[in-house]
Asks: 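One structure, pasted below without further comment.
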Amino acid sequence: MFRVRLHGRGGQGIKTASQILGSAAFFSGFQAQDFPLYGAERRGAPIVAFTRINRQNILERGPILVPDILLIGDESLLEDIQAAPLCGADNFTAIFINSSRLPEKLQENYSLSTLPHVLDITSLCVKFLDNGSSTSAAIAAVGARLLGQIEFPALKEAVELELNAQGINSDLRKKNIDLAEEVFQLLTPMEVKERPEKNITSSKLISSEQKPVVLAAPIILEPGNMALRKTGNWRLDRPEIDYEHCNNCLICYARCPDGVIGIKTDGSPEIDYDHCKGCLICAQECPGHFIKTVKESGSWE
Amino acid sequence: MGIDSSKRLMLTGNKAAAWGARLAQVEYVPAFPITPQTEIVETLAKWFADGTLKGKFTNMDSEHSMFMAAGAGAATGVRVFTASSSQGILHGMESIYTIAGWRTPMVVVNVSRALATPITLEPDHNDIMSVRDCGFIQLHAETCQEIFDFILIGYKVAEDPFVCLPVLVNMDGFYLSFTREPVLIPNEQKIKKFLPEFKTSQPVFKASQPMARASAVFGGSTYTYFKIQQDLANRQAEEVFLKTSKEFEKHFGRFYDVVEKFNMEGAEFVFVMSNSFSTKGKDAVLKLRRQGIKAGLLKLRLFRPFPATAIADALCGHDNVAIIDQNLAPGMGGITYPEIVASLYDRKNRPQNILSVIGGLGGKDITEGDFLSIIEKLKSSETKQPFYLFGKKDEENFERLQHLAISNKEAFQS
Ligand code: SF4
Ligand code: SF4
């Protein structure tokens with residue numbers, strides 16, 4: 001069984017990548033299973049998707065806790081405590097990171113137990129698709145190639161099928177297939193290590209005691225705790241106010257759906273980057289286009 | 001309008017429920033009328049309007065908002081009462097599950113009425129069974145007196161710091177709701193001693209104190225934790241009910257066990273029943289005993305939490321048991337039947353012969369003859385379950401109506 005866990009951000013095509021990989025494995029004669037995990041979050045929020053590939057029937061369901069392959073579609077997730085993409089990875093786990101940095105530097109900086117596989121997917125997506133965040137075909141190609149069990153024709157068929165299902169036109173599908181082929185050629189299959197099966201050990205279950213109602217009901221007594229939920233890491237792009245030209249009209253302040261643009265004492269707007277989700281509505285709304293957008297990436301250099 | 005000494009009044013079940021709410025000094029009643037419950041909210045509306053009751057009575061736009069308002073009202077720390085029935089319960093279902101999770105105490109009366117389709121106004125228990133799993137406490141009343149008493153006991157159970165759950169008191173539509181019988185209404189001061197003003201044991205909604213009672217959780221652990229706590233609190237209510245019942249007895253002289261055993265000594269044939277038709281069952285038991293048949297009856301009273309031990313204790317040692325469900329889960333049968341059978345499973349001397357009976361649907365009577373037929377069925381070797389109380393006469397009745405409904409039969413047969 002190959003258990004592939006994909007990490008990315010809402011809008012990056014991570015779910016589609018897991019589906020392309022699932023279909024490619026299926027077209028190659030495997031049993032396959034794929035599914036995404038997301039809640040009430042939105043574009044930019046950390047997303048996880050899973051693909052299981054096996055010769056026999058797959059008797060597992062639900063999230064993959066111990067992945068054989070980790071496909072990390074956004075490097076900044078490695079710094080995100082909530083996304084925790086490395087969770088459950090062990091010495092048997094092969095790690096892929098979409099990054100322009102050297103594998104050795106990434107291994108050192110994120111204390112990875114193995115040297116990661118690295119490719120600058122974002123740049124390739126810009127080159128082939130003119131869009132750095134449409135990574136589904138490229139990420140799926142990474143998974144298929146690293147596994148070494150899926151031939152390109154099966155992958156091509158899967159990209160065609162899944163992107164067509166998403167309503168992507170044939171011209172763009174063709175570009176995605178070219179992109180997938182490029183990724184396929186840039187990588188070589190990894191060495192697959194067989195994970196030994198462990199004996200089942202019983203869960204440590206407890207006998208619950210009744211608690212006083214304040215602790216037993218889903219009551220929240222502390223108001224305003226949304227401030228504690230930092231959503232700044234959802235951003236794919238960062239809005240930056242050009243204070244040279246900004247005339248303090250405060251339209252951005254009024255339009256920000258998350259209310260994270262404040263007003264400084266001098267009357268100028270200020271973005272709270274701990275909570276700004278990067279929807280870029282402010283940039284869209286600023287009458288003079290004085291809010292520029294800057295790509296987010298890992299914070300270290 | 002205050003009464004200064006205990007008195008016996010001829011009251012319908014609905015009026016008894018209204019009196020229960022009145023003497024429990026309820027402070028907030030969100031209401032929506034539905035036959036056969038309307039008399040309850042009409043009576044309360046009048047008492048709020050003429051100043052007999054202090055507080056707020058609000059006509060809501062549906063049962064959905066009514067139950068939500070009841071939960072929200074209770075979350076502000078006031079004593080809340082409301083009532084519904086049948087399709088109203090179904091319409092309020094989303095709110096019913098929601099407020100059970102809020103852990104806000106209140107008393108709700110359900111006036112049982114069978115569910116559509118076909119539409120009827122007459123009683124059976126599918127409506128009350130539909131909220132079996134929502135997390136409310138359930139008490140089933142046989143008499144108008146029980147309705148009144150259960151409302152007072154209900155508030156004490158609901159408001160117990162270790163319960164904090166809504167209590168649902170059930171009565172049968174028509175058979176109790178519109179039936180007048182004498183009800184002893186104790187003196188107001190005496191009731192206040194038993195049931196003082198509501199003092200909440202948890203933080204409450206206040207304008208100055210924002211809070212939430214319906215947080216969203218993710219991942220299953222937190223959800224499971226709260227659900228286990230709901231279960232533990234509901235189970236705790238059995239002990240609290242018994243304690244409260246004993247206290248009630250001290251004040252008013254009537255004691256209510258979680259189940260009621262009627263002529264169970266030496267009974268070879270036991271009918272398990274609930275609500276108002278138990279009275280008919282008791283009458284049949286007495287007549288059958290006079291005919292030399294050793295019959296007995298076990299009446300279910302506290303239905304949630306389910307008093308499995310008390311039920312098993314009562315039934316063990318008796319050979320033949322007929323569980324009469326006035327409800328029907330199509331494709332499965334009677335709803336209380338499997339619960340009762342499960343409670344007996346680990347008992348060595350459990351009854352060997354247990355029959356599932358379906359009767360009293362949509363207000364259909366259960367007759368003396370039906371009870372004897374059940375005994376004959378228990379004696380026979382035929383094992384087909386469930387046993388429907390539906391006879392020759394019923395079929396003829398139906399066919400007469402069908403004839404009217406489909407007069408031009410040929411049109412359908414061709
Ligand atoms: S991008 Fe602009 S509008 Fe969107 S959340 Fe951030 S500050 Fe608000
Ligand atoms: S909308 Fe543009 S000009 Fe107006 S305050 Fe915001 S950044 Fe400045």
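Below, all heavy atoms of this structure are taken into account, side chains as well, without hydrogens, waters or symmetry copies. Nothing here was measured: the structure is a model prediction, and the numbers come from that model.
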Asks: Select one option (side chain, backbone, both, neither) describing which atoms of A233(B) are under 4.5 Å from chain A's heavy atoms.
Replies: both

Asks: Indicate the atoms forming the closest heavy-atom contact of P218(A) with G101(B), along with that distance.
Replies: CD-O, 3.4 Å

Asks: Go through the atoms of P161(B) and report whether side chain, backbone, both or neither lie under 4.5 Å from a heavy atom of chain A.
Replies: backbone

Asks: Table up the donor-acceptor pairs between chain A and chain B that sit under 3.5 Å, atom names plus distance.
Replies:
from: E209(A); atom 1: O; to: Q229(B); atom 2: NE2; distance (Å): 2.9
from: Q210(A); atom 1: NE2; to: F162(B); atom 2: O; distance (Å): 2.6
from: K211(A); atom 1: N; to: Q229(B); atom 2: OE1; distance (Å): 2.8
from: L215(A); atom 1: O; to: Y225(B); atom 2: OH; distance (Å): 2.7
from: P218(A); atom 1: O; to: S215(B); atom 2: OG; distance (Å): 3.2
from: I220(A); atom 1: N; to: A212(B); atom 2: O; distance (Å): 2.7
from: I220(A); atom 1: O; to: A212(B); atom 2: N; distance (Å): 2.9

Asks: At what distance, to the nearest 0.5 angstrom, does CZ of F205(B) lie from CD1 of I219(A)?
Replies: 8.5 Å

Asks: Kindly check if the number of other-residue, nucleotide or ligand heavy atoms within 6.0 Å of CG (L215(A)) is above 12?
Replies: yes

Asks: Can you list everything that forms a side chain to side chain donor-acceptor pair (under 3.5 Å) with Q166(A)? Sequence neighbours excluded, please.
Replies: T16(A)

Asks: When you look at CZ of F248(B), are more than 12 heavy atoms from neighbouring residues, nucleotides or ligands closer to it than 6.0 Å?
Replies: yes

Asks: Heavy-atom count check: over 12 atoms from other residues, nucleotides or ligands less than 6.0 Å from F2(A) CZ?
Replies: yes

